[in-house]
Amino acid sequence: MSFSSQVKEELSRHIHKSRHCQIAEIAAVLSFTGKLEGAGEEQALRVYTENLSLARKYFILMKQTFQVTCRIAVRQNIYLHKSRAFVISLYGEKDIRRVLQAVKWRNEKNEDIRTRELVNGLLVQKSCCRRAFLRGAFLSAGSMSDPEKSYHFEIVCTGEEKARQLMDLINSFEMDAKVVMRKKNHVVYLKEGAQIVDMLNIMEAHVSLLNLENVRIIKEMRNSVNRQVNCETANINKTVSAAVKQLADINYIQHTRGLESLPENLREIALVRLQYPQAPLKELGAYLEPAVGKSGVNHRLRRLCEIAEELRKENCEDM
């Protein structure tokens, strides 16, 4: 089971006790996957989904909130045998009217009052109702990437106005959701791991939140170790490269002018470097009499480099 499926499975088992929150979540499901079909006695309020978790939760919510029993049908795709769709239908004019009035699709006169908005603002005035609506939205049209690979949270909307309203609902919790166009749809998304953790908290998916935090901690530790190893490797490479250059300069001086031509302090460090080619500067300084600090050793070796460069220029001019 993917991480996204695990989150949806957890959310499907979260049934809020407050009726207004239950209505907000039902409104979200209907906004993304609901259709009012037929007329008269044949009229039906249907939800279409391939997600068993959503089908189960919507059925339970309708039962608890409105004391109605929906019918569930399963449709199998004859071309894609693994693909199946659940159709949850509510029949009965009175029951449908009660539900549609509760989710603000119709008024008391049974007139259609739907707009291009995703949800009527009256349903999501309270923070708890916004949380419930976002739960239903994610169950209906949301997905998350595997946190082992990347951090990405999104909910797909069919129109820009709906996407903007959903973005505002998410950002009301001090988030930084954004909207992007993808094919014919508008996608509301979050990219930062910390914000996705907060989003799981908003939707009250606490088990998934802890699982994601565990993954984040392990990834951060791994990245920290890798950075440290890379830094140490770079320092080692730098030290080795510098030592090789120093040895080359000292050998050049020795073969051209001779180390005897050097001042005593430079001759002494040159001999120590030849004797300990892999030793770091601090260790080289300890072999001198008297001992010299790291900066002093570095200064002397740099002076040997300058002398070697001067000799190379002189030899080039003589040729």
*Which heavy atom of Pro147 sits nearest a heavy atom of Leu212, and at what distance?*
CB-CD1, 3.2 Å

*Short question: side chain of Asn171, backbone of Glu174 - any donor-acceptor pair under 3.5 Å?*
no

*Counting only heavy atoms not in Glu192, do more than 12 fall under 6.0 Å of its CD?*
no

*Taking the side chain from Gln165 and the backbone from Arg116, do they hold a donor-acceptor pair closer than 3.5 Å?*
no

*Give the cluster check for Ile202 versus Leu166: same hydrophobic cluster or not, with ILVMFWY residues linked at side-chain heavy-atom distances below 4.5 Å.*
yes

*What is the distance from atom CG of Leu36 to atom CG of Leu30, rounded to the nearest 0.5 Å?*
9.5 Å

*Salt bridge present between Glu93 and Arg97 (N-O < 4.0 angstrom)*: yes

*Salt bridge present between Arg303 and Glu306 (N-O < 4.0 angstrom)*: yes

*Applying side chain to side chain contact (heavy atoms under 4.5 Å, CB included) between Leu139 and each of Glu9, Glu25, Met203, report the one that passes.*
Glu25

*Between Arg300 and Leu288, is any pair of side-chain heavy atoms under 4.5 Å apart?*
yes

*Hey, any chance Leu122 and Trp105 share a hydrophobic cluster, counting ILVMFWY side chains that come within less than 4.5 Å of each other, even indirectly?*
no

*If you measure from CD1 on Ile170 to CZ on Phe153, what distance do you get to the nearest 0.5 Å?*
5.5 Å

*Does a sphere of radius 6.0 Å around CE in Met181 hold more than 12 heavy atoms from other residues, nucleotides or ligands, not counting ones at 6.0 Å or beyond?*
yes

*Answer yes or no: does atom NE2 of His299 have more than 12 heavy-atom neighbours from other residues, nucleotides or ligands under 6.0 Å?*
no

_Does atom CZ (Arg114) have a neighbourhood of more than 12 heavy atoms from anything else shown, all under 6.0 Å?_
yes

_CD1 on Ile218 to CD on Glu213, rounded to 0.5 Å_ = 11.5 Å

*Student check: side-chain heavy atoms of Leu52 and Arg84 closer than 4.5 Å*: yes

*Where is the tightest heavy-atom contact between Tyr287 and Val272, given as atom of each residue plus distance?*
CB-CG1, 3.9 Å

*Can a salt bridge be assigned to the pair Arg135 and Glu10 using a cut-off of 4.0 Å between side-chain N and carboxylate O?*
no

_Minimum heavy-atom separation for Cys21 and Ala132, please, with both atom names._
O-CB, 3.3 Å

*Evaluate side chain to side chain contact (heavy atoms under 4.5 Å, CB included) for Glu154 paired with Val188, printing each intermediate quantity in order.*
CA-CA 5 Å; Glu154 70 175 38; Val188 182; over 6 Å; no

*Measuring from Ile196:CD1 to Met175:CE, what's the distance to the nearest 0.5 Å?*
8.5 Å

*Mind checking whether Ile26 and Ile72 sit in one hydrophobic cluster, side chains of I, L, V, M, F, W, Y counted as touching below 4.5 Å?*
yes

*Which heavy atom in Ala28 sits nearest to a heavy atom in Ser140, and how many Å separate them?*
O-OG, 4.2 Å

_For Gly285 versus Val297, what's the shortest heavy-atom pair and its separation?_
CA-CG2, 3.4 Å

_Membership question, hydrophobic clusters at under 4.5 Å side-chain separation (ILVMFWY): are Leu271 and Leu266 in the same one?_
yes

*How about Arg56 and Phe86: do any of their side-chain heavy atoms sit closer than 4.5 Å?*
no

*Would you call Glu264 and Arg267 a salt bridge, taking side-chain N to carboxylate O under 4.0 Å as the test?*
no

*Take Arg75 and Val87, measure what side chain to side chain contact (heavy atoms under 4.5 Å, CB included) needs, and give me the verdict at the end.*
CA-CA 8 Å; Arg75 295 180 179 177; Val87 183; 3.7 Å; yes

*Qualifying ring-ring contact (aromatic ring centres under 6.0 Å, His included) pairs, either residue in residues 6-25, two or more places apart*: none

*Closest approach of Gly142 and Ser4, non-hydrogen atoms and distance?*
O-OG, 4.4 Å

_Just by distance, no angles: are the side chains of Tyr91 and Arg46 close enough, under 3.5 Å, to form a donor-acceptor pair?_
yes

_Less than 4.5 Å apart, side chain to side chain, heavy atoms only: is that true for Tyr151 and Arg216?_
yes

*asked:* A side-chain contact here means heavy atoms from C-beta on lying under 4.5 Å apart; do Ile88 and Thr49 qualify?
replied: yes

*Carboxylate-amine/guanidinium proximity below 4.0 Å for Lys245 and Glu309*: yes

*Flag the pair Phe66 / Arg19 as yes when at least one side-chain heavy-atom distance between them is below 4.5 Å, and no otherwise.*
yes

*asked:* Can you confirm whether Glu111 is buried at CD, in the sense that more than 12 heavy atoms of other residues, nucleotides or ligands lie under 6.0 Å from that atom?
replied: yes

*asked:* Checking Leu259 against Ile250 for the side chain to side chain contact (heavy atoms under 4.5 Å, CB included) test, could you report, in this order, the C-alpha distance in whole Å, the side-chain angles of both residues, the deciding distance, and whether it holds?
replied: CA-CA 8 Å; Leu259 299 181; Ile250 293 169; 4.1 Å; yes

_Side chains of Asn211 and Val215, heavy atoms from C-beta outward: is any pair under 4.5 Å?_
no

*asked:* Would you compute the distance between atom CD of Glu314 and atom CG of Leu311 and round it to the nearest 0.5 angstrom?
replied: 5.5 Å

*asked:* Is it the case that over 12 heavy atoms from other parts of the model lie below 6.0 angstrom from the NZ atom of Lys219?
replied: yes

*Heavy-atom donor-acceptor pair, Ser145 side chain to Ser150 backbone, under 3.5 Å*: yes

_Under a 3.5 Å distance rule, please check whether Ser224 uses its side chain to pair with a backbone N or O of Glu220 as donor and acceptor._
no

*asked:* Looking at Glu161 and Arg164, is any side-chain nitrogen of the basic one under 4.0 Å from a carboxylate oxygen of the acidic one?
replied: no

_Spatial distance of atom CZ (Phe173) from atom CZ (Arg131) [nearest 0.5 Å]_ = 5.0 Å

*Hey, what's the ring geometry for Phe32 with Phe133, parallel, tilted or perpendicular (30° and 60° as the breaks)?*
tilted

*asked:* Closer than 4.0 angstrom, basic N to acidic O: yes or no for Asp168 and Arg130?
replied: no

*Under the side chain to side chain contact (heavy atoms under 4.5 Å, CB included) test, residues paired with Ile15 that sit two or more places apart*: Gln22, Lys57, Ile60, Leu61, Gln64

*asked:* Are Tyr58 and Tyr48 connected into the same hydrophobic cluster when the rule is that any two of I, L, V, M, F, W, Y join if their side-chain heavy atoms are below 4.5 Å apart?
replied: no

*So do the side chains of Val292 and Asn265 get within less than 4.5 Å of each other, counting heavy atoms only?*
no

*asked:* Does Val207 form a side chain to side chain contact (heavy atoms under 4.5 Å, CB included) with Gln6? I'd like the steps, not just the answer.
replied: CA-CA 9 Å; Val207 174; Gln6 291 174 20; over 6 Å; no

*Determine which pairs satisfy salt bridge (charged side-chain N to carboxylate O under 4.0 Å, His left out) with at least one residue from residues 270-285, sequence neighbours left out, and list them in order.*
none

